[in-house]
Engineer: 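Handing you this structure, nothing more for now.
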Protein chains: 4
Amino acid sequence: MSDENQNSDGGNNVGGIAGDHLRSFIERIERLEEEKKALSEDIKEIKNEAKGTGFDVKIINKLLSLRKMEDHDRLEQEEILELYKRAIGME
Amino acid sequence: MSDENQNSDGGNNVGGIAGDHLRSFIERIERLEEEKKALSEDIKEIKNEAKGTGFDVKIINKLLSLRKMEDHDRLEQEEILELYKRAIGME
Amino acid sequence: MSDENQNSDGGNNVGGIAGDHLRSFIERIERLEEEKKALSEDIKEIKNEAKGTGFDVKIINKLLSLRKMEDHDRLEQEEILELYKRAIGME
Amino acid sequence: MSDENQNSDGGNNVGGIAGDHLRSFIERIERLEEEKKALSEDIKEIKNEAKGTGFDVKIINKLLSLRKMEDHDRLEQEEILELYKRAIGME
DNA sequence: CTGCCATTTTACCGGC
DNA sequence: GCCGGTAAAATGGCAG
């Protein structure tokens, strides 16, 4: 956490590990993961906002997943599902 | 998909799907899921019983998760150790 | 974890905790959880079997969830979904 | 759900649903999800970069998870301690 | 009605 | 490169 490693190789190269470099990678990744987490929280807020406006979040999620699906895939899946439902008499 | 269904099995094979077979899978799975559900209810009952005996269910849950975690953690520790040994060329 | 507590109160009543009783609850629960896990594995096997027979497991899961839904709920949900899709021009 | 929508917005309100509003929610969420996805890709790139520099990505992942776990574990330990203190009447 | 727990879904990682 | 299993996140249901 602090700048306590200030020797020439910083004491960071231990047994062949380039400590500073490794630490840099780690920290860059952690930074990005924090951003991801923040985005997830933003999404959650929007859904709550939608809920407060009277929308059904469950349905919103369904819409989102439908929109993510390729149309082709969606149709195909619906067709197969219908087929199976008929096959077991659920229609 | 097509009109290739020319069987005379009473309509169970629809769209080329073996309805009876599918139904059988579905029902076997549903049966097992019912058993799972029954077990969950049993567990809930035990926890209520424990609660009635004066135990704090939250503590019981914590103990359960700790016990589950122990093996996992031990393996994790061993794995980490191996990784570090490799990292510093001790392998 | 082991049977190392064998003194008269077993060392189990510590600060008012009825150790043996607690342990019994814990173990009963763990036993049931193992059974649940075994059932989950059985279900997975059946799904693999179905897959090997040419069925699409994804669709089987969908069918299972549909069958779990009350008809009323299913219809209501489908209606709301349709409504929303129209609302955003996805129809 | 009720007939409280009395605007004249060209048909976006279908079935009482404020289509534009819903669409706006959906699109805001989708935008954020795209950003999340981009971040995931960035992370993957960094890991590949690290790999190209000679690091073992597996170790990096392990380090990341350890660092993430540290706070969690500390909180967990504190929580357990509190639970036990309550359990033996030390609260 | 809020928070908790369980389930389900999703993303990740390693093996084939 | 795909598939399977595993681990994390999100969602839904339930109890208090």
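Every heavy atom of this structure was used, including side-chain atoms; hydrogens, water molecules and symmetry mates were not. Below, chains carry the letters A, B, ... as their sequence lines are ordered, and counting in each starts from 1.
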Engineer: Hey, is the side chain of A:Asn61 poking within less than 4.0 Å of OP1 or OP2 on F:dT11, counting only N and O atoms?
Structural biologist: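 Yes.
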
Engineer: A:Leu66 and C:Leu83: same hydrophobic cluster, using ILVMFWY side-chain contacts below 4.5 Å?
Structural biologist: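 Same cluster: A:Leu66 reaches C:Leu83 through Ile, Leu, Val, Met, Phe, Trp or Tyr contacts under 4.5 Å.
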
Engineer: If you assign D:Ser65 and A:Val57 each to the DNA chain F nucleotide with the nearest heavy atom, which residue ends up on the more 5' nucleotide?
Structural biologist: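 Its nearest nucleotide lies further toward 5', so the answer is D:Ser65.
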
Engineer: State, to 0.1 Å, how close B:Leu22 and A:Ala87 come at their nearest heavy-atom pair, and which atoms those are.
Structural biologist: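 B:Leu22 and A:Ala87 have their closest heavy atoms at CD2-CB, 4.4 Å.
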
Engineer: Please table the atom pairs, donor to acceptor, closer than 3.5 Å between any side-chain atom in residues 43-54 of chain C and protein atoms at least two apart or in another chain.
Structural biologist:
| unit_1 | atom_1 | unit_2 | atom_2 | d |
| --- | --- | --- | --- | --- |
| C:Lys47 | NZ | C:Asn61 | OD1 | 2.6 |
| C:Glu49 | OE1 | B:Arg28 | NH2 | 3.1 |
| C:Glu49 | OE2 | B:Arg28 | NH1 | 3.4 |
| C:Thr53 | OG1 | C:Glu49 | O | 2.7 |

Engineer: Run the side-chain donor-acceptor check on residues 34-42 of chain A: report pairs under 3.5 Å with partners two or more places apart or on a different chain.
Structural biologist:
| unit_1 | atom_1 | unit_2 | atom_2 | d |
| --- | --- | --- | --- | --- |
| A:Lys36 | NZ | D:Ser40 | OG | 3.0 |
| A:Ser40 | OG | A:Lys36 | O | 3.3 |
| A:Ser40 | OG | D:Lys36 | NZ | 3.0 |

Engineer: Anything under 4.0 Å to a heavy atom of chain C counts; send over the first and last such nucleotide of DNA chain E, read 5' to 3'.
Structural biologist: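 For DNA chain E, the relevant span reads E:dT7 to E:dT8.
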
Engineer: If you take any heavy atom closer than 4.0 Å to DNA chain E, which residues from residues 29-53 of chain C end up in contact?
Structural biologist: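 Correct list: C:Lys36.
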
Engineer: Across the strands shown, which category fits A:Lys68 at heavy-atom distances under 4.0 angstrom: base, sugar-phosphate, nothing?
Structural biologist: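 No contact at all - A:Lys68 keeps every heavy atom at 4.0 Å or more from the nucleic acid.
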
Engineer: Base, sugar-phosphate, or nothing: which does A:Lys58 touch, judged by heavy atoms less than 4.0 Å apart?
Structural biologist: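 Contact class for A:Lys58: sugar-phosphate only.
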
Engineer: Once side-chain contact (heavy atoms from CB on, under 4.5 Å) is applied, do any residues pair with A:Met69, and if so which ones, sequence neighbours excluded?
Structural biologist: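 Residues passing side-chain contact (heavy atoms from CB on, under 4.5 Å) with A:Met69: A:Arg74, A:Gln77.
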
Engineer: Work out which heavy atom in C:Ile59 is nearest to a heavy atom in A:Tyr84; give both atom names and the distance.
Structural biologist: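 Closest heavy-atom pair between C:Ile59 and A:Tyr84: CG2-CD2, 2.8 Å.
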
Engineer: Determine which pairs satisfy salt bridge (charged side-chain N to carboxylate O under 4.0 Å, His left out) with at least one residue from residues 54-65 of chain B, sequence neighbours left out, and list them in order.
Structural biologist: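 Qualifying pairs: B:Asp56-D:Arg86, B:Lys62-D:Glu76, B:Lys62-D:Glu79.
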
Engineer: Would you say C:Ile60 ends up clustered with A:Met90 if hydrophobic residues are merged whenever their side chains have heavy atoms under 4.5 Å apart, either directly or through other cluster members?
Structural biologist: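 Same cluster.
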
